[in-house]
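What follows is a single structure, written as structure tokens, with notes after it.
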Amino acid sequence: MPELPEVEHARRTLEHALLRKHIEHVKVYDARILDDGVKPAAVVRTLSGTRVVAIQRRGKWLRIELDSGARVFSHLGMTGKWVAAKSDDATMPFEKVRLDVATSKKTTRSVRYLDPRLFGRFVVRAPRDVDLPTWTALGPDPLLDGIDVDALHAKLARRKLPIKPTLLDQTVLAGVGNIQATEGLFTARIDPRRPARDLSRKEIAALARAITRSIAKTIALQEGPIIQYVEEAGAPNPFAIYGNEGTPCPRCKRPLAKIVLAGRGTVFCPHCQR
DNA sequence: AACGGAACCTGAAAGC
DNA sequence: TGCTTTCAGGTTCCGT
């Protein structure tokens, strides 16, 4: 699931369940989600009894701040999600981590981290430790910071990789993934293969607007009474071209193409993206 | 330094 | 039907 909109959804789920609560119980089912060599018992020790003071998101990373000064950095990888539950709910399929918090009610609130493919991370930093370097290196987040067109223009001027893989570099814009990059380039009518440095300021402005709009739209789709991730199995594909290779371009009706750029599938319209 | 490709994992869908 | 192959929205490491 996870690009910026899905991670923002996860942030809200965690905030609703955990903010200002004390962590009563921690369970790590699979140590591979942790940093190499870190033992589940150490994570349990660091987190138990602490109070959650903030849940932040930057790009695709989440940061849970504890009153002890410890922090948890959570990344959903390709298939991770945080799900709200009750403490007496059974262990869920693919559950890798669980946090239970005390509430005034009888039942205890619980959040479960599910991740079949195990590309996600759950990294705990002790009170005096520095933040994760990847977190610190993240570029501007389109939702939190907006996109400064001149700054982006200046940054892209130094890159000769195609624009599509450049957009996936999290130090360029934090949170843009394969879908948002694909959709944004389509809306801005830019060929994904163009070297990043060749884009004009005008094109970059169009791209920034398209990405911002695409993210806002995807977040809006997740809201409403029944919160669910977009693109769950069976859900209709809500995107303009992502996943629609071979079908007619929504703009010019010629068939959408699919190529591989820097190892990632890339759908585009060879006729109206230039 | 910059780049392509493999690696990390598992499940679902497509292909045969 | 059932076995095999391919692909997946992310990141990081390794060799050239």
salt_bridge([X], [Y]) N-O dist < 4.0 Å:
X        : Y        : value
A:Arg121 : A:Asp35  : yes
A:Asp145 : A:Arg58  : yes
A:Arg98  : A:Asp100 : yes
A:Asp30  : A:Arg32  : yes

Of the listed nucleotides ([options]), which one gets closest to any side-chain atom of [X]?
X        : options                : value
A:Tyr242 : C:dG9, B:dT10, C:dT11  : C:dG9
A:Thr134 : C:dT12, B:dG11, C:dG10 : C:dT12
A:Pro116 : B:dC8, B:dG11, C:dA8   : B:dG11

Atom [atom1] of [X] and atom [atom2] of [N]: how far apart are they, to the nearest Å?
X        : N      : atom1 : atom2 : result
A:Phe119 : C:dT11 : CZ    : P     : 12 Å
A:Asp169 : B:dG4  : CG    : P     : 13 Å
A:Lys96  : B:dG11 : NZ    : P     : 8 Å
A:Arg264 : C:dC7  : CZ    : P     : 14 Å
A:Arg197 : B:dC3  : CZ    : C1'   : 14 Å
A:Asn237 : C:dA8  : CG    : C1'   : 14 Å
A:Glu245 : B:dA13 : CD    : P     : 15 Å
A:Leu261 : C:dG10 : CG    : C1'   : 16 Å

Report task. Taking the side chain as every heavy atom from C-beta outward, state whether A:Ile241 and A:Phe186 have any pair of such atoms under 4.5 Å apart. Result ->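 A:Ile241 vs A:Phe186: side chains touch.
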Report task. For the pair A:Arg264 and A:Thr266, evaluate side-chain hydrogen bond (donor to acceptor under 3.5 Å, both in side chains) and give the outcome as yes or no after the intermediate values. Result -> CA-CA 6 Å; A:Arg264 309 298 304 278; A:Thr266 304; over 6 Å; no
Query raised in the report: Transitive ILVMFWY cluster of A:Tyr29 at side-chain heavy atoms under 4.5 Å: who else is in it?
Result: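 Traced through the cluster, A:Tyr29 reaches no other member.
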How would you label the contact of [X] with the nucleic acid (heavy atoms, under 4.0 Å): base, sugar-phosphate, or nothing?
X        : answer
A:Arg121 : nothing
A:Gln170 : sugar-phosphate
A:Gly263 : nothing
A:Lys258 : sugar-phosphate

Query raised in the report: Is any side-chain nitrogen or oxygen of A:Arg32 closer than 4.0 Å to OP1 or OP2 of B:dC8?
Result: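 For A:Arg32, the contact criterion (side-chain N or O under 4.0 Å from OP1 or OP2 of B:dC8) is not met.
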Requested in this report: Considering just the side-chain nitrogens and oxygens of A:His75, establish if one lies under 4.0 Å of OP1 or OP2 belonging to C:dG10.
Outcome: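 No.
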Query raised in the report: Between the side chains of A:Arg63 and A:Gln56, is a donor N or O closer than 3.5 angstrom to an acceptor N or O?
Result: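 Side-chain D/A pair, A:Arg63 to A:Gln56: present.
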Query raised in the report: Can you say whether the rings of A:Trp61 and A:His75 are parallel (under 30°), tilted (30 to 60°) or perpendicular (over 60°)?
Result: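 Perpendicular.
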**Report entry** Distance (rounded to the nearest 0.5 Å) between A:Leu4 CG and A:Ile215 CD1
**Finding:**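 So the gap between those two atoms works out to 5.0 Å.
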Using the [atom1] atom as the reference point in each nucleotide, state the distance between [N] and [M] in Å, no decimals.
N      : M      : atom1 : result
B:dG11 : C:dT12 : C1'   : 23 Å
B:dG5  : C:dA8  : P     : 16 Å
C:dT11 : B:dA12 : C1'   : 22 Å
C:dT4  : B:dC9  : P     : 23 Å

**Report entry** Interface residues of residues 155-167 of chain A with DNA chain B (non-hydrogen, below 4.0 angstrom)
**Finding:**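 Result for residues 155-167 of chain A: A:Lys160, A:Leu161, sorted by number.
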Requested in this report: Give each stem of DNA chain B as a range with a range, requiring at least 3 consecutive Watson-Crick or G-U wobble pairs whose two distances are under 3.5 Å.
Outcome: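 Stems found: B:2-8 with C:10-16, B:10-16 with C:2-8.
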**Report entry** Any donor-acceptor N/O pair, A:Glu95 side chain to A:Tyr113 backbone, under 3.5 Å
**Finding:**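 Judged by distance alone, no pair lies under 3.5 Å.
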